[in-house]
Q: 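Below is a structure I'd like to ask you about.
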Amino acid sequence: MSSEAVLTDVEQSLVATVTTETVPGHEIVEVLGIARGNTVRARNVGRDFTQGIRNLAGGELKAYSTLLSDARDQAIERMEADAIEMGADAVVNVRMETSEVTQGASEVIAYGTAVKLA
């Protein structure tokens, strides 16, 4: 799957993306495999400077919160695109992980089981 896959309104969409083992009101009839999506994001010098100052005073580091939130959203979108490419109707047991791949850069990965529903 291309990491640049982008869904449009006219393309197929999933019934559900859930953290549970089933989709309420639906029966799973086929397990298609693991759907996954990831992104690696790095901090930037300007953001580090302003967040370093905020860190001295305490409080939320909003620029980093936004960076990680955007990374999570992109990882989920890529996982959903992977599931659709597999022919899935839903993704169950969705999980997310974050890891540092190098100093100042983190990977966010979303994964789950792509399934067909009755």
Side-chain angles (χ1 to χ4, degrees):
M1 181 190 87
S2 167
S3 63
E4 299 303 316
V6 178
L7 301 177
T8 64
D9 292 335
V10 296
E11 291 185 77
Q12 176 187 355
S13 62
L14 297 173
V15 171
T17 300
V18 296
T19 59
T20 57
E21 293 181 8
T22 61
V23 178
H26 296 276
E27 178 186 352
I28 295 173
V29 294
E30 185 179 359
V31 173
L32 301 173
I34 297 172
R36 54 119 187 107
N38 70 318
T39 186
V40 176
R41 296 289 179 99
R43 304 179 316 212
N44 69 42
V45 175
R47 187 176 289 145
D48 283 352
F49 178 74
T50 59
Q51 295 306 287
I53 292 171
R54 183 177 300 271
N55 195 27
L56 293 174
E60 180 183 8
L61 303 177
K62 291 182 182 182
Y64 290 149
S65 293
T66 300
L67 178 71
L68 286 172
S69 180
D70 291 346
R72 283 190 300 270
D73 290 345
Q74 186 173 48
I76 289 170
E77 287 171 7
R78 289 178 176 178
M79 178 197 63
E80 290 174 341
D82 190 33
I84 288 170
E85 194 169 283
M86 296 166 72
D89 297 319
V91 182
V92 297
N93 281 328
V94 172
R95 302 290 183 260
M96 298 190 77
E97 293 184 23
T98 302
S99 62
E100 185 177 49
V101 293
T102 187
Q103 186 175 357
S106 295
E107 175 190 40
V108 176
I109 185 166
Y111 60 95
T113 305
V115 299
K116 293 287 267 178
L117 303 174

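Computed from a predicted model, the values in this text were never measured in an experiment.
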Q: Scan the side chains in residues 89-108 for donor-acceptor partners under 3.5 Å anywhere in the protein, sequence neighbours excluded, and list what turns up.
A:
unit_1 : atom_1 : unit_2 : atom_2 : d
D89    : OD2    : L117   : N      : 2.8
R95    : NH1    : T19    : O      : 3.1
E97    : OE2    : Y111   : OH     : 2.8
E107   : OE2    : N38    : ND2    : 2.8

Q: Determine yes or no for a side-chain-to-main-chain donor-acceptor pair under 3.5 angstrom, with K116 supplying the side chain and L32 the backbone.
A: no
Q: State which residues pass side-chain contact (heavy atoms from CB on, under 4.5 Å) with D73; sequence neighbours excluded, sorted by chain then number.
A: S69
Q: May I ask whether V31 and M86 are part of the same hydrophobic cluster, defined by side-chain heavy atoms of I, L, V, M, F, W, Y residues being less than 4.5 angstrom apart, directly or through others?
A: no
Q: Short question: side chain of D82, backbone of A35 - any donor-acceptor pair under 3.5 Å?
A: no
Q: My understanding is that only one of T22, V23, I28 makes a side chain to side chain contact (heavy atoms under 4.5 Å, CB included) with V115; could you say which?
A: I28
Q: Calculate, to the nearest 0.5 Å, the distance between atoms OG1 and CZ belonging to T39 and R72 respectively.
A: 12.5 Å
Q: Applying the 4.5 Å side-chain criterion to the ILVMFWY set and letting contacts propagate, would V18 and V15 be lumped into a single cluster?
A: yes
Q: Could you grab the distance from atom CG of L14 to atom CE of M79, nearest 0.5 Å is fine?
A: 7.5 Å
